[in-house]
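Only heavy atoms go into these numbers, but all of them, side chains included; no hydrogens, no water, no symmetry mates.
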Amino acid sequence: MSNNVITRFAPSPTGFLHIGGVRTALFSFLFARKNKGVFALRIEDTDKVRSKNEWTDALINDLEWLGLKHDVFVRQSDKADIHKAYIKKLIDSGHAYVSKEKVVEEGQRDEVIRFKNPNKKVVITDLIRGEVTVDTTDLGDFVIARSIGEPVYHLAVVIDDFEMGITHVIRAEEHLSNTPRQILIQEAIGAPRPIYAHLPLVLAEDRSKLSKRKHGETVSLTYYRNKGYLPEAILNFVALIGWNPGTDQEIFALDELIEVFDLSKVQKGGAIFNVQKLDWTNKQYIEKMSLENFVAAAKDFIPAGTSPKLFPLLKEKASKFSDIVELLEGELSFVNPLAAYPKESLKWKQEKDLETTKRHLKTVIEKLSQLEDFSKESVKAVLWPIAESAGKGNVLWPMRYALSGREKSPDPFSISEILGKEETLKRLTFAHDLL
RNA sequence: GGCCCUAUCGUCUAUCGGCUAGGACAUCGCCUUUUCAAGGCGGUAAGCAGGGUUCGACUCCCUGUAGGGUCACCA
């Protein structure tokens, strides 16, 4: 592999980083790292009206959070002088000209700079799509600058890629149609042509391109950050949209991705972003975490005052951190005072009647009253023989229901330990007296 | 509409002419189990259509169809 690969991720600071952008950034990053090359981040802020510093900051912050560290940083607006010089050169050499325009819309200029289109066929060699031939005649003399000092995207991209020595342009497929005009500009300024790789689009459920207008915030990385997904999991999941190494492996650390990544294995067709798989992937990562790491990572999602005894259960059941609140209000709400429940709920489905249920509860109360060590192991040890002889559901269901007041909850032994002897016996007695 | 790209289970995909079409998510069933989750086992589920090429096409070619992208003084 070549030793001097330089890739770039070039977002415009006009909005949040969306999932498709994350994938583009990741692939550019992976390809650079894989080839021991350089990964550059370039902020494309030539649109002064729509570009905002806040978006730039957010972009940098998001990428850093993901762990996609760039080696080079360029702000396009800092290159204004260089752009201007090229525009002049292009005009002087006859490749571009100042064009008088008829103003039909507000904000339009009566004078812009257009590229003199040589009207030829361009053959793009794309790493993913092979050869694509386009006749540029259809493009006409397109605009390359609003004025001598204001280049338009296509011009700025070509100049910057050239100046930065970009060897591989890895970007989304939506840019494939733009490539011919960029190639024309390259030829005019005498820049070498980089190697192109146009990634298939990341699609929404309805198979259309992800967009804020149409699909709302759920396409933004921020949305998933706020929901408490892990950056490693997002990267892992996104890597597998439109690419896979050809093996059955599903979970990859970033280092592993770098090792096995291969642009030629990238898919050609667009792929739908599937949240269920993201959830599953994220859960895999949570399972691999130590309890300490889980608690530390999830600290912003765990309400103050939550009993540390619940932490293992939270880790076991949450597939993303935002699940924690739901869990605490639902399945794990037994730590709060119990709401009233119908006494029939205490009866196991295979149990004869409430009388028997009451008897089982009494036995449980008697056994636990004498118990000193209230660890779940210890509680289980004294009750298990009884449960086995009387029927596990017959004994354990009423006990669990009495302790949790719910159809779904952790096992009664864990609840006992968390509640402690006093509260456990209080709830059991309450249930017993109810019957 | 012009130009361009694409087309395997619901979804993400493997297959680079030999396929009883494999895996993962989701889904369903069973086991485990006091419930839920997790886990284990198993099931349902796919080659857009029509022509070629070939001994043999999911794989190659053509046409059609469908979907997407792009046609800005946005990137």
Side-chain angles (χ1 to χ4, degrees), chain A residues 10-15 44-47 49-51 76 99 101 103 105 107-114 124 126 128-130 132-140 142-147 150-154 156-157 171-181 198 200-201 203 205-209 237 240-251 264-265 267-281 283 287 313 316-319 327 330-332 348-351 383 387 391-401 404 406-413:
Chain A
S12 66
T14 55
E44 310 240 309
D45 54 353
T46 50
D47 184 341
V49 180
R50 303 203 305 162
S51 296
Q76 206 160 47
S99 162
E101 303 288 313
V103 177
E105 258 179 67
Q108 244 182 345
R109 330 253 170 142
D110 55 2
E111 197 179 275
V112 294
I113 294 155
R114 288 186 178 273
I124 304 163
D126 189 280
I128 295 167
R129 281 150 219 288
V132 180
T133 306
V134 182
D135 187 345
T136 62
T137 307
D138 307 333
L139 268 26
F142 51 90
V143 174
I144 55 171
R146 301 179 188 90
S147 74
E150 296 172 287
V152 148
Y153 166 72
H154 297 293
V157 165
R171 49 162 47 155
E173 190 193 338
E174 58 195 291
H175 290 291
L176 186 57
S177 311
N178 294 151
T179 306
R181 78 182 71 194
H198 286 94
L201 258 20
L203 273 21
E205 289 296 334
D206 64 356
R207 290 218 153 266
S208 67
K209 189 170 88 163
F237 167 70
L240 263 7
I241 299 179
W243 173 82
N244 86 86
T247 64
D248 286 348
Q249 189 174 345
E250 296 282 344
I251 301 300
S264 70
K265 282 192 185 300
Q267 209 74 6
K268 294 191 185 81
I272 292 175
F273 174 86
N274 177 212
V275 195
Q276 288 171 323
K277 183 110 184 223
L278 205 213
D279 281 351
W280 176 83
T281 306
K283 192 158 177 51
E287 276 174 15
L313 294 171
E316 180 188 318
K317 289 174 183 284
S319 57
L327 250 14
E331 275 180 71
L332 303 183
W348 173 236
K349 58 187 174 187
Q350 287 165 10
E351 183 62 273
L383 295 180
K392 285 177 232 164
N394 304 269
V395 178
L396 267 15
W397 172 277
M399 173 185 176
R400 194 184 58 74
Y401 201 100
S404 67
R406 312 190 123 253
E407 302 282 320
K408 301 177 188 178
S409 80
D411 67 85
F413 315 115

Partner of rA49(B) under the Watson-Crick or G-U wobble criteria, both distances under 3.5 Å, comes out as rU63(B)
For Gly242(A), report the nucleic acid contact type (base, sugar-phosphate, nothing); a contact means any heavy atom under 4.0 Å. sugar-phosphate
Counting the atoms with a prime plus P, OP1 and OP2 as sugar-phosphate, which does Ser404(A) contact under 4.0 Å by heavy atoms, base, sugar-phosphate, or nothing? nothing
Which nucleotide sits closest to the side chain of Val134(A): rC3(B), rG67(B), rU35(B)? rC3(B)
Using a cut-off of 4.0 Å on non-hydrogen atoms, how would the nucleic acid contact of Arg400(A) be classed: base, sugar-phosphate, or nothing? base
Which part of the nucleic acid does Pro412(A) contact within heavy-atom distance under 4.0 Å: base, sugar-phosphate only, or nothing? base
Indicate whether any N or O donor in one side chain lies under 3.5 Å from an N or O acceptor in the other, for Ser99(A) and Glu101(A). yes
For atom CD1 of Ile128(A) and atom C1' of rA7(B), their distance in whole Å: 17 Å
Whole angstroms only, please: what is the CD1-P distance between Ile272(A) and rU13(B)? 10 Å
Between rU59(B) and rA72(B), how far apart are the two P atoms, rounded to whole Å? 37 Å
Could you give the distance separating rA14(B) and rC9(B) at their P atoms, to the nearest angstrom? 12 Å
Please determine, for rC71(B), whether a Watson-Crick or G-U wobble partner exists with both distances under 3.5 Å, and give it or none. rG1(B)
Distance from Lys283(A) atom NZ to Glu316(A) atom CD, nearest 0.5 Å? 7.5 Å
Between Arg207(A) and Ile272(A), is the side-chain contact (heavy atoms from CB on, under 4.5 Å) condition met? List the steps. CA-CA 6 Å; Arg207(A) 290 218 153 266; Ile272(A) 292 175; 3.9 Å; yes
Quick check: on RNA chain B, is the nucleotide nearest Ala271(A) upstream (toward 5') of the one nearest Val132(A), or the reverse? Name the residue that is more 5'. Val132(A)
For rA14(B), does either OP1 or OP2 sit under 4.0 Å from a side-chain N or O belonging to Asn244(A)? yes
Work out how far the P atom of rG40(B) is from that of rU32(B), and round it to whole angstrom. 16 Å
Side chain to side chain contact (heavy atoms under 4.5 Å, CB included) involving Lys268(A) - partner list, sequence neighbours excluded: Ile128(A), Arg129(A)
Between rG67(B) and rC62(B), how far is it from one P atom to the other, in whole Å? 22 Å
To the nearest angstrom, how far is Gln267(A) atom CD from rC16(B) atom P? 15 Å
Considering only atom P, compute the distance from rU44(B) to rG22(B) and round it to an integer number of Å. 10 Å
Assess whether a salt bridge exists between Lys209(A) and Glu173(A), defined as any Lys/Arg side-chain N lying under 4.0 Å from an Asp/Glu carboxylate O. no
Which nucleotide in rC36(B), rA26(B), rG23(B) has an atom nearest any side-chain atom of Asp248(A): rG23(B)
My understanding is that only residues two or more places apart in sequence, or in another chain, count here; which of them pass ring-ring contact (aromatic ring centres under 6.0 Å, His included) with His175(A)? Tyr153(A)
Rounded interatomic separation in angstrom, taking CG from Asn394(A) and C1' from rU35(B): 14 Å
Atom pairs under 3.5 Å, N or O on each side, protein against nucleotides 72-75 of chain B: can you list them with distances?
| residue | atom | partner | partner atom | Å |
| --- | --- | --- | --- | --- |
| rC73(B) | N3 | Arg109(A) | N | 2.6 |
| rC73(B) | N3 | Arg109(A) | O | 3.3 |
| rC73(B) | N4 | Arg109(A) | N | 3.3 |
| rC73(B) | N4 | Arg109(A) | O | 2.4 |
| rC74(B) | OP1 | Arg146(A) | NE | 3.2 |
| rC74(B) | OP2 | Arg146(A) | NE | 2.4 |
| rC74(B) | OP2 | Arg146(A) | NH2 | 2.1 |
| rC74(B) | O5' | Arg146(A) | NH2 | 3.3 |
| rC74(B) | O3' | Arg146(A) | NH2 | 3.4 |
| rC74(B) | O2' | Asp47(A) | OD2 | 3.2 |
| rC74(B) | O2' | Arg50(A) | NH2 | 3.0 |
| rC74(B) | O2 | Arg50(A) | NH2 | 3.1 |
| rA75(B) | OP1 | Thr46(A) | OG1 | 2.8 |
| rA75(B) | OP1 | Asp47(A) | N | 3.4 |
| rA75(B) | OP1 | Arg146(A) | NH2 | 3.0 |
| rA75(B) | OP2 | Tyr153(A) | N | 3.0 |
| rA75(B) | O3' | Glu44(A) | OE1 | 2.9 |
| rA75(B) | O2' | Ser12(A) | OG | 3.2 |
| rA75(B) | N6 | Asn178(A) | OD1 | 3.1 |
| rA75(B) | N1 | Asn178(A) | OD1 | 3.3 |

When rounded to the nearest Å, what value does the distance between C1' atoms of rC4(B) and rC73(B) take? 24 Å
Nearest to the Lys317(A) side chain among rU35(B), rC36(B), rU6(B), which nucleotide is it? rC36(B)
Ignoring the backbone of Lys408(A), work out which of rU11(B), rC36(B), rC12(B) is nearest its side chain. rC36(B)
rU35(B) P sits how many Å from Met399(A) CE, rounded? 15 Å
Could you measure between the two P atoms, the one in rC61(B) and the one in rG42(B), and give it in whole Å? 38 Å
What's the closest nucleotide to the Lys209(A) side chain, out of rC12(B), rA26(B), rG69(B)? rG69(B)
Base partner of rU11(B), which must satisfy Watson-Crick or wobble distances under 3.5 Å: rA24(B)
How long is the line joining CG of Asp206(A) and P of rG10(B), in whole Å? 18 Å
Of Glu316(A) and Trp243(A), whose closest RNA chain B nucleotide lies nearer the 5' terminus? Trp243(A)
Mutual orientation of the aromatic rings belonging to Trp397(A) and Trp348(A) [parallel < 30°, tilted 30-60°, perpendicular > 60°]: tilted
Using the C1' atom as the point on both nucleotides, what is the distance between rG47(B) and rU20(B), in whole Å? 15 Å
Could you please spell out the steps behind the side-chain contact (heavy atoms from CB on, under 4.5 Å) verdict for Leu383(A) and Met399(A)? CA-CA 11 Å; Leu383(A) 295 180; Met399(A) 173 185 176; 3.5 Å; yes
Quick check on rU34(B): is either OP1 or OP2 less than 4.0 Å from any side-chain nitrogen or oxygen of Trp397(A)? no
Nearest-nucleotide pick for Ser208(A), side chain only, options being rG69(B), rU6(B), rC3(B): rG69(B)
Figure out the CH2/P separation between Trp280(A) and rC25(B), and round it to whole Å. 5 Å
Protein-nucleotide distance (Gln350(A), atom CD; rU33(B), atom C1'), rounded to Å: 12 Å
Checking side-chain polar atoms at under 3.5 Å, does Thr179(A) have a donor or acceptor matched by the opposite partner on Arg171(A)? yes
Please determine, for the side chain of Glu173(A), which listed nucleotide (rU11(B), rG68(B), rC36(B)) has the closest atom? rG68(B)
How long is the gap from CD1 on Ile124(A) to CG on Asp126(A), to the nearest 0.5 Å? 7.5 Å
Go through rC12(B), rU11(B), rU70(B) for me and flag the one nearest to the Asn274(A) side chain. rU11(B)
Within the structure, does a side-chain N or O atom of Lys392(A) lie under 4.0 Å from either OP1 or OP2 of rU35(B)? no
